[in-house]
Every structure is written in C-alpha cells, then in structure tokens.
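Whatever order the structure lists ligands and atoms in, that order sets their numbers, starting from 1.
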Amino acid sequence: MTLIDGKAVSEQVKQEIAAEVAEIVARGGKRPHLAAILVGHDGGSETYVAAKVKACEVCGFKSTLIRYESDVTEEELLAKVQELNADPDVDGFIVQLPLPAHISEQKVIETIDYCKDVDGFHPINVGRLSIGLPCYISATPNGIMELLRRYQIDTKGKKCVILGRSNIVGKPMAMLMMQKACPGDATVTVCHSRSKDLVKECREADILIAAMGQPNFVTADMVKEGAVVIDVGTTRVPDATRKSGFKLTGDVKFDEVAPKCAYITPVPGGVGPMTIVSLMKNTLLAGKKAIY
Ligand code: GUN
C-alpha cells in the first residue's frame, strides 16, 4: 500500500508556483493577486480562508481578505463582487461558501466575472469543463487529478466510482475522470443517496473517490483488493481529547480500508492540502490572463 502524501506534493507545487511568480516579477510582470470574501465566522470557513491567504504568501501572490458580518445584505455583497470584477489589480477572487441563508449563492456565483472565477463555480467554467475547453477547474477535483498525475496512477479504462454528486466535487470529478486525457479515460459511475446498490458499485471500483461528507462511511467490505481510494471527507467530529475539540474525519474508515489498497489518501494530509494548491494554480492562470 502506498500512502498518497498530499501535504508533500502540495509543498512541492507551491514551490514550483513561487519560482514561476519570481520569474514573472523579475521580467517586470505583475504579481498575481487573489481576493477572498468571507461572510460570518463559520469555523471551517475561517480556517480554509486563513490557509488560502497563507498559501498566497508562500506562492508570492498578493492577497486581500474582505470580511462581512453574517447580516450583510445580498445587495451589498453583489456590489462588492461587481467592484472586484472591475478592479484591474485583482486577477481572481473567491466568495467562501457556504453563505447565510438569506443570500443566494447561485446569484453570487453568476455575478462573478468568469475570467476571475478562480473557484471554477461559474456556469461558463462548469460548461467549458464538461466539453473540454480551457477553464478554471474546481479546486478539489483538480487537486485529486494532480495527485493521480504525480503518483502516475493509471486511470485509462479503469472503473472509477465517485460517491457524492455535489457541484463542487462529485460532478466536476466525474467530468475530469471521463475526459479524453491522462489522467482520465476512466469509466465513471456517480453514486449518491438514492443509488440502489452502492456497495456493489464500490466493490467493483478500481478507483474509489469518496466525497459525500459522511465520516467513516466506506468500510473494508466495500473496497476491492488493490483499489485506489481517494478520501475527500473533512467532517469535524467532536473529540474531547484534542485542543481544538474536534477531529477532522474522512469518509473512509482508514485503518481497515488501507491494507486492501494499492494507494490511499489520508485525512488530514491527503486531498485537503491539494485543494488549496489548486486554487493557487488557478490564481497563477488568472495572473497570466490565461482564461478569457
Ligand atoms: N467551501 C467549501 N469549499 C469551497 C471552495 O472550494 N471554494 C469556496 N469559495 N467555498 C468553499
């Protein structure tokens, strides 16, 4: 069994980005600038946004954090999005999700200029991804593709089962794994809460990607011997023995599943760090005005 070290790969990719940024700046080019909007004080969102700002520093990007209290109006937030769209110094930006219930996430996403949509959530980027055109790709699935690429994991003709059909992970993951490319060329099945024989589907998977946000859902009996298992889960499960009061828990019961796998990602230290690095790669693309 090979443990996929997302932390190590992410550090390496950040160094590669930093080297490219240094070159751009040395040639007199503009330092890429990522802005992030954070609404409210959700613990997870605070942590993720802080990690994104920190990663910008490591990559040599400029970053700006814009904060609102959770009672910000939709109108006010949309006005800020439009302001960032028009700001030539901002190459790309994100609005951290989830947003409070009184704000339409879809409206916010669709207001973002797709050329600055480094999250890859705008329908134009999603549509382009689905037909293989240049676009910003959602960070988590793109990070998983980078791990498959760097570990030279063969995906061609393999049966890939994805658990979860979210717009952020499951759907774009399916698009990427079925694309005519390497990695890609897989035969993809997407399972979800209404799937009939989910266990049977999982057992047949050469590559199993668990992204439904249910801690320890995937057990050893659901995994084929020699499978590649990618765990996207990051649920905060209460744990009184920790200072933080919680333990980040994946969708895969790691201890019993790992011995059966050819490759597996741990939680934490697997997919998570790659998600942030993918956002950095998109920001570099934005700085280069590569998506238009
Ligand atoms: N919330 C959870 N994941 C993400 C992400 O990738 N981008 C944004 N903007 N919000 C998120």
In terms of side-chain geometry, is the basic nitrogen of [X] or [Y] positioned less than 4.0 Å from the acidic oxygen of its partner?
| X | Y | result |
| --- | --- | --- |
| R242 | D239 | yes |
| R149 | E146 | yes |
| E201 | K159 | yes |

Which residue and atom name correspond to the protein heavy atom nearest [atom], and how close is it?
| atom | answer |
| --- | --- |
| atom 1 (N) of ligand 1 | L97 O, 2.9 Å |
| atom 11 (C) of ligand 1 | Q96 NE2, 3.4 Å |
| atom 9 (N) of ligand 1 | D119 OD2, 2.6 Å |

Sub-3.5 Å donor-acceptor pair from the side chain of [X] to the main-chain atoms of [Y], do we have one?
| X | Y | answer |
| --- | --- | --- |
| E105 | L99 | yes |
| D231 | P266 | no |
| N85 | D113 | yes |

Below the 3.5 angstrom mark, is there an N/O of V95, backbone or side chain, next to an N/O of ligand 1?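 N/O-N/O distance below 3.5 Å exists for this pair.
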
So is there a nitrogen or oxygen of T275 less than 3.5 Å from a nitrogen or oxygen in ligand 1?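 There is no such contact.
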
Going by heavy atoms, is Y48 under 4.0 Å from ligand 1?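 For ligand 1, residue contact (heavy atoms, under 4.0 Å) with Y48 is absent.
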
Give the atoms of ligand 1, by number and element, whose distance to some non-hydrogen atom of F121 is under 4.0 Å. 5 (C), 6 (O), 7 (N), 8 (C), 9 (N)

Using heavy atoms and a threshold below 4.0 Å, how should the contact between L279 and ligand 1 be classified: side chain, backbone, both, or neither? neither

